[in-house]
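Here is the structure we will look at, set down as structure tokens.
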There are 2 protein chains.
Amino acid sequence: MPYTKEHKTQSRERILASAITLFSRQGYDSVTLDMLMTHAGMTRGAFYNHFDSKQELYSEAMISAALTSPIAEETPEDIDSIEHLHNIVEAYLSQAHLQEPDNPCLMAFMVTDVANNEPEVRKTYTHIFKRMSHRMANLMESSNAREPQNALALAALMIGGVAVCRTFSDDKLADEVLSACRALAASVIDAE
Amino acid sequence: MPYTKEHKTQSRERILASAITLFSRQGYDSVTLDMLMTHAGMTRGAFYNHFDSKQELYSEAMISAALTSPIAEETPEDIDSIEHLHNIVEAYLSQAHLQEPDNPCLMAFMVTDVANNEPEVRKTYTHIFKRMSHRMANLMESSNAREPQNALALAALMIGGVAVCRTFSDDKLADEVLSACRALAASVIDAE
DNA sequence: GTCTATAGAAAGATAGAC
DNA sequence: GTCTATCTTTCTATAGAC
């Protein structure tokens, strides 16, 4: 047998990684299967051995990106959870995250895209949003009496800040908006 | 002459109105010129008598939507500017705005869409965002010492809240997020 | 100015060889 | 499992009649 099971798994991973990169760079519709598979080091025809349709890849790519997101990572032993959350927010609302990051947050890069797509994709987005805000609510727990509500607004602010700044043709404005969002986010985290 | 200048202007307005409705409903790429012109009561071929390309329509539609936005409206004589801003935010972050409104905010409904588009479209978006946040900063002036920065974060929060809730397949979650964003927005407006 | 008809260029998905 | 070749559909944009 020339192709092992492991080989197939690796191909699938490469497709998913390419999808995250290309979708975040130019959106779902603009990425063709040809582009995608070339980026992953294969040709168009091989795609359907891994996914039933382009739509299915959409959901899978969002899940894959969420699993490797810094927000999902464990809090290091040596810092407390509030400090950890501050660090997450600083990194999320940064210029580095806007410009071709390794781990782009598809929640922010593709909000509108998802809203216009099939129910299955929207369901996946909704699920990931819940996980993301629950995680942040947990990290807030020690300082914050109304953490569930604050975590929801914080998630919307983070996603909105990144999504909006990515559209700008004006880097200075992006810096100002990111900075304003970081300040507001910090005050939400530290609110009693 | 069977067609007056006024008739042409009216046709153009109908196309713009249809664009705002359809773009906000299903995104830029998914709206075909056929769909658009049928919705506007004409056929495909007539489109190019009004716009050079679909892309040009994109920018024009965003401008048109911004000009008729409630945020751009004058403050009524009988209420003060802070109260007016609260009203704007309440209406913006509402279920009614999410579901097929007359005046959908394309800034929120199309953020991601725009980010993946041509520089011209992004420039238009950037310009409108500045207008929107300046307007809100002015309305905040009387209560708020750091209004320029707060207005930027407020705009990002509003756009993020609406964009995110529109993707959800879960109405209850959308209600919770909208409510959390309204609460945070109100605290930003009233901050000293 | 608006119409119908069509050119011309993709794209998603499938078929069959290796 | 991956390849090349192709079917089929769809879309933007143009041409020319009225």
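Any value given below was found using the heavy atoms of this structure, including those in side chains, with hydrogens, waters and symmetry copies removed. Because the structure is predicted, anything quoted here is derived from the model rather than measured. Per chain, numbering begins at 1; letters A, B, ... match sequence-line order.
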Heavy-atom pair with the smallest gap, counting every atom of V177(B) and A156(A): CG1-CB, 4.3 Å
Nucleotide-level pairing of DNA chain D, given in dot-bracket where Watson-Crick and G-U pairs need both distances under 3.5 Å and | marks other strands: ||||||||||||||||||
Show me the side-chain donor-acceptor pairs of residues 100-112 of chain B shorter than 3.5 Å, one per line, residues at least two apart or across chains.
{"unit_1": "E100(B)", "atom_1": "OE1", "unit_2": "R25(B)", "atom_2": "NE", "d": "3.2"}
{"unit_1": "E100(B)", "atom_1": "OE1", "unit_2": "R25(B)", "atom_2": "NH2", "d": "3.1"}
{"unit_1": "E100(B)", "atom_1": "OE2", "unit_2": "R25(B)", "atom_2": "NE", "d": "2.9"}
{"unit_1": "N103(B)", "atom_1": "OD1", "unit_2": "T68(B)", "atom_2": "OG1", "d": "3.4"}
{"unit_1": "N103(B)", "atom_1": "ND2", "unit_2": "T68(B)", "atom_2": "O", "d": "3.4"}
{"unit_1": "T112(B)", "atom_1": "OG1", "unit_2": "V111(A)", "atom_2": "N", "d": "3.3"}
{"unit_1": "T112(B)", "atom_1": "OG1", "unit_2": "T112(A)", "atom_2": "N", "d": "3.4"}

Listed partners of F23(A) passing ring-ring contact (aromatic ring centres under 6.0 Å, His included), at least two apart: Y28(A), Y58(A)
DNA chain D contacts among residues 50-63 of chain B, heavy-atom distance under 4.0 Å: S53(B), K54(B)
Only counting residues at least two apart or in another chain, list the ones meeting side chain to side chain donor-acceptor pair (under 3.5 Å) with [X].
X: H39(A); answer: S18(A)
X: H86(B); answer: D190(B)
X: Q95(B); answer: Q99(B), D175(B)

d(OH, Y48(A); P, dT14(C)) in whole Å: 6 Å
Separation of atom CZ in F47(B) from atom P in dA15(D), rounded to whole Å: 17 Å
Interatomic distance, D29(A) atom CG to D113(A) atom CG [nearest 0.5 angstrom]: 6.0 Å
Residues that K123(A) engages under salt bridge (charged side-chain N to carboxylate O under 4.0 Å, His left out), provided they are two or more places apart: none
Under the salt bridge (charged side-chain N to carboxylate O under 4.0 Å, His left out) test, residues paired with D34(B) that sit two or more places apart: R44(B)
Side chains of M37(B) and T43(B) in contact at under 4.5 Å (non-hydrogen atoms): no
Sub-4.0 Å heavy-atom contacts from residues 20-42 of chain B onto DNA chain C, ordered by number: M42(B)
Lys/Arg-Asp/Glu bridge criterion (N-O < 4.0 Å) met for E176(B), K172(B): yes
From dC3(C), dG1(D), dG1(C), nucleotide with atom closest to K8(B) side chain: dG1(C)
Close N or O pairs between protein and nucleotides 6-8 of chain C (under 3.5 Å):
{"unit_1": "dT6(C)", "atom_1": "O4", "unit_2": "R44(B)", "atom_2": "NH2", "d": "3.2"}

Option from H7(B), H50(B), E60(B) for which side-chain hydrogen bond (donor to acceptor under 3.5 Å, both in side chains) with R12(B) holds: E60(B)
Let me check something: any side-chain donor-acceptor pairs from residues 159-168 of chain A under 3.5 Å, sequence neighbours excluded? List them with distances.
{"unit_1": "R166(A)", "atom_1": "NH2", "unit_2": "S24(A)", "atom_2": "O", "d": "3.1"}
{"unit_1": "R166(A)", "atom_1": "NH2", "unit_2": "N116(B)", "atom_2": "OD1", "d": "3.2"}
{"unit_1": "T167(A)", "atom_1": "OG1", "unit_2": "V164(A)", "atom_2": "O", "d": "2.7"}

